[in-house]
Undergrad: 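This is the structure I have questions about; it appears just below.
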2 protein chains.
Amino acid sequence: MADGQDLNTRFSGPSESPGLLLWRTTMRWQRVMTAALAPLDLTHVQFVLLASAMWLGRNGEPPNQVQLAAQAGTEVKMTSDVVARLEAKGLIARETDPRDSRAKVIRVTPAGAAVAQRAIVAVETADAAFFGPVDEAQLVGLLQQLAGEIR
Amino acid sequence: MADGQDLNTRFSGPSESPGLLLWRTTMRWQRVMTAALAPLDLTHVQFVLLASAMWLGRNGEPPNQVQLAAQAGTEVKMTSDVVARLEAKGLIARETDPRDSRAKVIRVTPAGAAVAQRAIVAVETADAAFFGPVDEAQLVGLLQQLAGEIR
DNA sequence: CCGATTTGATCTGTGCGCAGATTATCTGTG
DNA sequence: CACAGATAATCTGCGCACAGATCAAATCGG
């Protein structure tokens, strides 16, 4: 009945697998981000897409959803969904690209820019508190080798 | 219109924030785990709960769902849902605890133990490939400071 | 013993995350 | 021009992840 006597030899237990640690740490970090952004009525992904849209549009060349997804590292479908939520909140505006009627150009509204500014501060503060205990440069160095290219 | 000229001074871009890197790296790792476990018809969370249940029951003291959730670091509600799926697949069995009729004792079935053995190998292989490029001990050291206690 | 509180499991509802399919549009080649 | 293939956005459907509520059973103080 899988009572384990025969398992102890080849099943040493979860121990400290880097994968499990990575997973748990990120879930914890996500909860911290969620809490930091809740007062602004933003989820973490909504924040990432809003900030990414602002970043990409900083030189007057607002992106379409595919470009935004590539920058943010999110799925195209999910980007579509989340952007629709941001639009419903009035934080971004979508209009059909005059040069490609399939594509929708994404612009951050003034309200969106204002929320984003406050969100960036909240996220940076929460991030600093979360990563305070560790050597950030060292962690970034390790993660950059694992993060892979933006899809 | 938030075109960015006024933002460049105080919005330096996403850069390499450790939080974003952590998030992207974990999403990437999750996709690797998903692919590694797909042939066994298991998701990553299902694997974690199955393996955790086996681990906790290794000495003939099978856990209830709260204990399992604590070990696996998952939400109690989600643990309930996922365990129901594992039960539907015949990989675990649930029975009411005779000493506490609210609680359900979770046992890994022989079929579940067999799948778990193969899954452990698949996950360890995929993990080794994923974390190959980096110093695992260093990464584990950093993550352990951030992972927090199991809730 | 009894009411108050706690605990174990589940439900509703929202929001990612992703696979697979769909529709409309664009682009390249003959 | 025509048509094959690629691309942008969206849809269905499943499975986490979590907040908040529900309900029954256990436990504790009096």
Undergrad: Without decimals, in angstroms, what is the distance between L37(A) CG and dA17(D) P?
TA: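 Between P of dA17(D) and CG of L37(A): 19 Å.
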
Undergrad: For the pair made of CZ in R24(A) and P in dA17(D), what is the distance, rounded to whole Å?
TA: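 Spelled out: CZ on R24(A) to P on dA17(D) is 12 Å.
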
Undergrad: When rounded to the nearest 0.5 angstrom, what is the spacing between CE in M33(A) and CG in L22(B)?
TA: 10.0 Å

Undergrad: In whole angstroms, how far is the C1' atom of dG15(C) from the CE atom of M33(A)?
TA: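 Taking CE of M33(A) and C1' of dG15(C), I get 18 Å after rounding.
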
Undergrad: Find the distance between CD (E61(B)) and CD (Q67(B)) and round it off to the nearest 0.5 Å.
TA: 9.5 Å

Undergrad: Using a strict cut-off of less than 4.0 Å between a Lys/Arg side-chain nitrogen and an Asp/Glu carboxylate oxygen, indicate whether K77(B) and D81(B) qualify as a salt bridge.
TA: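 Judged by the 4.0 Å cut-off on N to carboxylate O distance, K77(B) and D81(B) do form a salt bridge.
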
Undergrad: Rounded to the nearest 0.5 Å, how far apart are OG1 of T43(B) and CG of L86(B)?
TA: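 Answer rounded to 0.5 Å: 7.5 Å.
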
Undergrad: For dC18(C), take OP1 and OP2 only and decide whether either is under 4.0 Å from a side-chain N or O of R31(B).
TA: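 For R31(B), the contact criterion (side-chain N or O under 4.0 Å from OP1 or OP2 of dC18(C)) is met.
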
Undergrad: Out of curiosity, Q46(B) CD to L37(B) CG, how far, rounded to the nearest 0.5 Å?
TA: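 It comes to 9.0 Å.
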
Undergrad: For the helix from dC1(C)-dG30(D) to dG30(C)-dC1(D), figure out the bend between the end axes, five pairs an end, and round to 10 degrees.
TA: 20°

Undergrad: Does W23(A) place a side-chain N or O at less than 4.0 Å from the phosphate oxygens OP1/OP2 of dA17(D)?
TA: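 Yes, such a contact exists.
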
Undergrad: For dA17(D), does OP1 or OP2 lie under 4.0 Å from any side-chain N or O of Q30(B)?
TA: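 Indeed, a polar side-chain atom of Q30(B) lies that close.
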
Undergrad: Measuring from atom NZ of K104(B) to atom CG of L68(B), what distance do you get when rounded to the nearest 0.5 angstrom?
TA: 13.5 Å

Undergrad: What is the distance from CZ of R99(B) to P of dG8(C), rounded to the nearest Å?
TA: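 After rounding, the reported distance stands at 13 Å.
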
Undergrad: How long is the line joining CD of E95(A) and P of dA8(D), in whole Å?
TA: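 Value for this atom pair: 18 Å.
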
Undergrad: According to side chain to side chain contact (heavy atoms under 4.5 Å, CB included), who are the partners of Q30(B), at least two apart in sequence or on a separate chain?
TA: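 Expected list: W23(A), T26(B), H44(B).
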
Undergrad: Look at S101(A) and dA24(C) and indicate whether a side-chain polar atom (N or O) is within less than 4.0 Å of OP1 or OP2.
TA: no

Undergrad: Check whether any side-chain N or O of T43(B) sits under 4.0 Å from OP1 or OP2 of dC16(D), and answer yes or no.
TA: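 Yes, within the criterion.
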
Undergrad: From I120(B) CD1 over to L50(B) CG, what is the distance, rounded to the nearest 0.5 angstrom?
TA: 8.0 Å

Undergrad: Listing time: all N or O pairs from protein to nucleotides 9-12 of chain D that are below 3.5 Å?
TA:
from	atom 1	to	atom 2	distance (Å)
dA9(D)	OP1	Q65(A)	N	3.3
dA9(D)	OP1	K104(A)	N	2.6
dA9(D)	OP1	K104(A)	O	3.2
dA9(D)	OP2	Q65(A)	N	3.2
dA9(D)	OP2	V66(A)	N	2.9
dT10(D)	OP1	R94(A)	NH1	3.2
dT10(D)	OP1	K104(A)	NZ	2.6
dT10(D)	OP2	Q65(A)	OE1	3.4
dT10(D)	OP2	Q65(A)	NE2	3.0
dT10(D)	OP2	S80(A)	OG	2.3
dT10(D)	OP2	R94(A)	NH1	3.3
dT10(D)	O5'	S80(A)	OG	3.4

Undergrad: Calculate the interatomic distance between L50(A) atom CG and dC16(C) atom P; express it in whole Å.
TA: 13 Å

Undergrad: For the pair made of CZ in R28(A) and C1' in dA17(D), what is the distance, rounded to whole Å?
TA: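 Taking CZ of R28(A) and C1' of dA17(D), I get 17 Å after rounding.
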
Undergrad: Taking atom P of dA8(D) as reference, at what distance in whole Å does atom CD of E75(A) sit?
TA: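 About 15 Å, once rounded to whole Å.
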
Undergrad: Applying the 4.5 Å side-chain criterion to the ILVMFWY set and letting contacts propagate, would L21(B) and M27(B) be lumped into a single cluster?
TA: yes

